[in-house]
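The figures that follow rest on heavy atoms only: side chains count, while hydrogens, waters and symmetry mates do not. Position 1 is the first residue of the sequence; numbering continues from there. Whatever order the structure lists them in is the order used to number ligands and atoms, beginning at 1.
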Amino acid sequence: MAGSTLKIQNLHVEIDGSEIINGLDLEINGGEIHAIMGPNGTGKSTLASAIMGHPRYDITEGSVHLDGKDVLEMEVDERAHAGMFLAMQYPSEISGVTNSDFMRSAINSSREEGDEISLMKFIKKMDGKMDELEIDQSFSQRYLNEGFSGGEKKRNEILQLLMLEPRIAILDEIDSGLDIDALKVVSKGINSMKSPDFGCLIITHYQRLLNYITPDKVHVMMQGRVVKSGGAELAQRLEEEGYDWIKEELGIEDEKVGEQA
Ligand SMILES: Nc1ncnc2c1ncn2[C@@H]1O[C@H](COP(=O)(O)OP(=O)(O)O)[C@@H](O)[C@H]1O
Ligand SMILES: [Mg+2]
């Protein structure tokens, strides 16, 4: 199915009764790579988790649609099944489940019964993708993320992306903790997904990833909303000048800066 569209309208999200996202609009079409940038604590990770259905996040207003289907009505596994993927800022470690088993069941859970990927095909695909991402083959038998370094976890998220081939991916701070070689490998992996059937939202607060992945659109998020959108040049300007000029332009008071990155 060509041309997936993720459409977010007037989204409001609360955590424990306080509003973190307040009236966010965003539309991502197949074939497009979008980047969201913004200061710490402005709600970027909250946006990602809320869209994927994390139970902690209350959506109090607004809508999220994937190809016209109401995402907020879907269970978490249905969202994945529908082709949505989230690479988390802090991937969880799952002891007792190997990376290989995890990926295979993730692939099969989005396929119909009787249409599971064969073991041979799976191994061949996983080997190939691991080579592409320069991940040592021993990682397929390691427990998911357990004892992985920060950079190894990020690479492994991209391995999941390449294995699962979602229609819409949200990549939260996929560049954090990566050295320059890993950054190049991860970028190459993301770029290899580029197709009319794939839309991508990259959340980052550094411009450097965008030296390797050219976004079609860049959005600035502040105080729980998209306050400015532009092309790749917007990311460049943010890198050089920070966010103050946007605050001035929009008459925004100083952000309350959160603890978390
Ligand atoms: N589970 C949570 N419980 C309470 N507050 C949270 C939780 N998650 C995020 N927040 C708060 O929501 C705000 C936005 O956080 P986050 O979405 O992680 O920001 P960003 O990813 O833009 O740095 C911060 O003030 C943060 O402290
Ligand atoms: Mg974050």
Would you confirm whether Asp136, through its side chain, and Ser138, through its main-chain N or O, come within 3.5 Å as a donor-acceptor pair?
yes
Would the distance check show the side chain of Thr98 and the main-chain N or O of Arg142 forming a donor-acceptor pair, the cut-off being under 3.5 Å?
no
Determine whether the side chain, the backbone, both or neither of [X] has a heavy atom under 4.0 Å from any heavy atom of ligand 1.
X      : value
Ile20  : side chain
Thr42  : both
Met221 : neither

Is Gly43 in contact with ligand 1, taking contact as a heavy-atom separation below 4.0 Å?
yes
So do the side chains of Glu14 and Glu19 get within less than 4.5 Å of each other, counting heavy atoms only?
yes
Counting only nitrogen or oxygen atoms and a 3.5 angstrom limit, does Ile15 reach ligand 1?
no
Does an N or O anywhere in Asn40 fall below 3.5 Å from an N or O of ligand 1?
no
Heteroatom N/O/S of Asn40 within less than 2.8 Å of the Mg ion (ligand 2)
no
Short N/O/S contact of Thr46 with the Mg ion (ligand 2) (below 2.8 Å):
no
Quick one: list whatever passes ring pair (Phe, Tyr, Trp, His ring centres under 6.0 Å) with Tyr57, sequence neighbours left out.
His54
Show the nearest heavy-atom pair for residues Val226 and Asp25, with the distance to one decimal.
CG2-O, 3.8 Å
Considering His205, Met222, Arg56 one by one, which has a heavy atom nearer to atom 1 (N) of ligand 1 than any of the others?
Arg56
Salt-bridge criterion met for Glu78 and Lys69 (N-O under 4.0 Å)
no
Apply side chain to side chain donor-acceptor pair (under 3.5 Å) to Thr5 and list each qualifying residue two or more places apart in sequence or on a separate chain.
Asn29
